[in-house]
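Beneath this line is the structure, given in C-alpha cells, with notes to follow.
Worth knowing before you read on, the calculation uses all heavy atoms, side chains too, and leaves out hydrogens, waters and symmetry mates.
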Amino acid sequence: QVQLVESGGGLVQAGGSLRLSCAASGRTFSIYRMGWFRQAPGKERESVAAIAWSSGSTYYSDSVKGRFTVSRDNAKYTVYLQMNSLKPEDTAVYYCAAARYGGNWYVPTQYAYWGQGTQVTVSS
C-alpha cells in the first residue's frame, strides 16, 4: 500500500500562484509515476500533470502547459505542483495519485493510490 497526503491548497486571486505538495509513504518503491488530477463541482475528474518517479519525465494537459510545473524530491518521496498564472477555471479539488505501472498518464484508472484531495479556489 501507498499512502498519499496532499497539502498547499487555498484561496488565491486570479494571476496568483500556489504550490501543492504530495507526500508518499508506505511501499514507495512500487511507484512508477505520480500524477495530479483535479475535479470541479459537477465535472469529471481531469488530468493535470504527471511525473515519472525514476526518469523524471513530465507530462502536462494542454490547459495548464506553460503555467504549471510538476517536480519531485526523491529523497523526501514528495511531488510538487507549482501553479502560476492561476485562473478562475483552475478552481477544483486537486488530487495526487500514484501508479505502479506505465500506461497513459492522463487516465485516472491507471493510478492505484489516491490522496484525499486539497481545495484550490481562484477568485476573479
Side-chain angles (χ1 to χ4, degrees):
Q1 289 286 342
V2 173
Q3 294 78 42
L4 303 173
V5 178
E6 301 105 332
S7 60
L11 173 64
V12 65
Q13 289 188 332
S17 298
L18 280 175
R19 189 177 81 155
L20 305 183
S21 300
C22 175
S25 61
R27 299 172 65 87
T28 54
F29 61 85
S30 67
I31 297 174
Y32 175 82
R33 179 189 298 130
M34 296 288 292
W36 286 98
F37 292 79
R38 65 187 182 186
Q39 189 165 19
K43 294 188 177 181
E44 292 187 356
R45 189 166 297 189
E46 66 170 338
S47 59
V48 176
I51 185 166
W53 197 252
S54 178
S55 70
S57 297
T58 56
Y59 312 86
Y60 298 95
S61 66
D62 288 344
S63 61
V64 306
K65 198 173 294 182
R67 299 189 297 124
F68 291 11
T69 303
V70 60
S71 61
R72 76 201 193 292
D73 184 331
N74 285 12
K76 296 181 179 179
Y77 294 102
T78 299
V79 174
Y80 304 97
L81 185 67
Q82 177 67 44
M83 304 185 296
N84 299 329
S85 302
L86 282 162
K87 305 174 182 180
E89 51 263 44
D90 294 318
T91 295
V93 177
Y94 283 70
Y95 299 89
C96 73
R100 293 181 295 173
Y101 309 105
N104 294 324
W105 74 269
Y106 48 86
V107 177
T109 53
Q110 294 286 339
Y111 296 80
Y113 306 104
W114 291 81
Q116 82 286 355
T118 185
Q119 177 70 46
V120 171
T121 302
V122 184
S123 66
S124 56

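- The cationic atom of Arg33 (NZ for Lys, CZ for Arg) lies less than 6.0 Å from the six-membered ring centre of Tyr59 and within 45° of the ring axis.
- Taking each heavy atom of Ser21 and Thr78 in turn, the nearest pair found is CB-CG2, 4.4 Å.
- Hydrophobic clustering (ILVMFWY, side-chain heavy atoms < 4.5 Å, transitive): Trp105 and Val107 are in one cluster.
- Under a hydrophobic clustering in which Ile, Leu, Val, Met, Phe, Trp and Tyr are joined whenever their side-chain heavy atoms come within less than 4.5 Å, directly or via other members, Val93 and Val122 fall into different clusters.
- Looking at every heavy atom in both residues, Phe37 comes nearest to Ser47 through CD2-CA, 3.5 Å.
- Side chains of Val70 and Met34 form no contact here, defined as non-hydrogen atoms less than 4.5 Å apart.
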Evaluation steps, side-chain contact (heavy atoms from CB on, under 4.5 Å), between Thr91 and Gln119: CA-CA 8 Å; Thr91 295; Gln119 177 70 46; 4.0 Å; yes

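- Note that the CH2 atom of Trp36 and the CD atom of Glu46 stand 14.5 Å from one another [nearest 0.5 Å].
- A chain of hydrophobic side-chain contacts below 4.5 Å, direct or via other Ile, Leu, Val, Met, Phe, Trp or Tyr residues, connects Val79 to Leu18.
- Of the inter-residue distances, the one linking Asn104 atom CG with Thr109 atom OG1 reads 9.0 Å to the nearest 0.5 angstrom.
- Tyr77 OH: 12 or fewer foreign heavy atoms inside a 6.0 Å radius.
- Connection of Leu20 to Val48 is established within a shared hydrophobic cluster, with ILVMFWY side chains joined at heavy-atom distances below 4.5 Å, either directly or through further cluster members.
- At least one donor-acceptor pair under 3.5 Å links the side chain of Glu6 to the backbone N or O of Gly117.
- Both tests hold for Arg19 against Tyr80: distance to the six-membered ring centre under 6.0 Å, angle to the ring axis within 45°.
- With Gln116 contributing its side chain and Val5 its backbone, the two residues share no donor-acceptor pair below 3.5 Å.
- Between the CZ atom in Arg67 and the CE atom in Met83 there is a gap of 9.5 Å [rounded to 0.5 Å].
- Here the OG1 atom belonging to Thr28 is positioned 15.5 Å from the NZ atom belonging to Lys76, to the nearest 0.5 angstrom.
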Residue pair Gln1, Tyr113: steps toward the side-chain contact (heavy atoms from CB on, under 4.5 Å) verdict: CA-CA 8 Å; Gln1 289 286 342; Tyr113 306 104; 3.4 Å; yes

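- Thr69 is listed as a side-chain neighbour of Tyr60, based on a closest heavy-atom distance under 4.5 Å.
- Across all non-hydrogen atoms, the minimal contact from Pro88 to Ala14 is CD-CB, 4.1 Å.
- Residues Leu11 and Ser123 share a closest heavy-atom pair of CD1-CB, 4.3 Å.
- By the 30° and 60° cut-offs, the orientation of the rings of Tyr95 relative to Trp114 is perpendicular.
- Counting all heavy atoms, side chain and backbone alike, Ser17 lies closest to Asn84 at OG-OD1, 2.9 Å.
- Salt bridge Asp62/Lys65: present, at least one basic N to carboxylate O contact under 4.0 Å.
- Here OG of Ser63 is found 7.5 Å from CZ of Phe68. Values are rounded to the nearest 0.5 Å.
- Considering only heavy atoms from C-beta on, Val64 comes within 4.5 Å of Arg38 through its side chain.
- The closest donor-acceptor contact from the side chain of Ser30 to the backbone of Arg27 lies under 3.5 Å.
- At a threshold of 4.5 Å between non-hydrogen side-chain atoms, the residues Tyr106 and Ser61 do not count as touching.
- Annotation: side chain of Gln39 is not in contact with side chain of Pro108 (no heavy-atom distance under 4.5 Å).
- Closest approach of Ala24 and Leu4 over heavy atoms only: CB-CD2, 3.7 Å.
- Here Arg72 contributes atom CZ and Cys22 contributes atom SG; the two are 14.0 Å apart, rounded to the nearest 0.5 Å.
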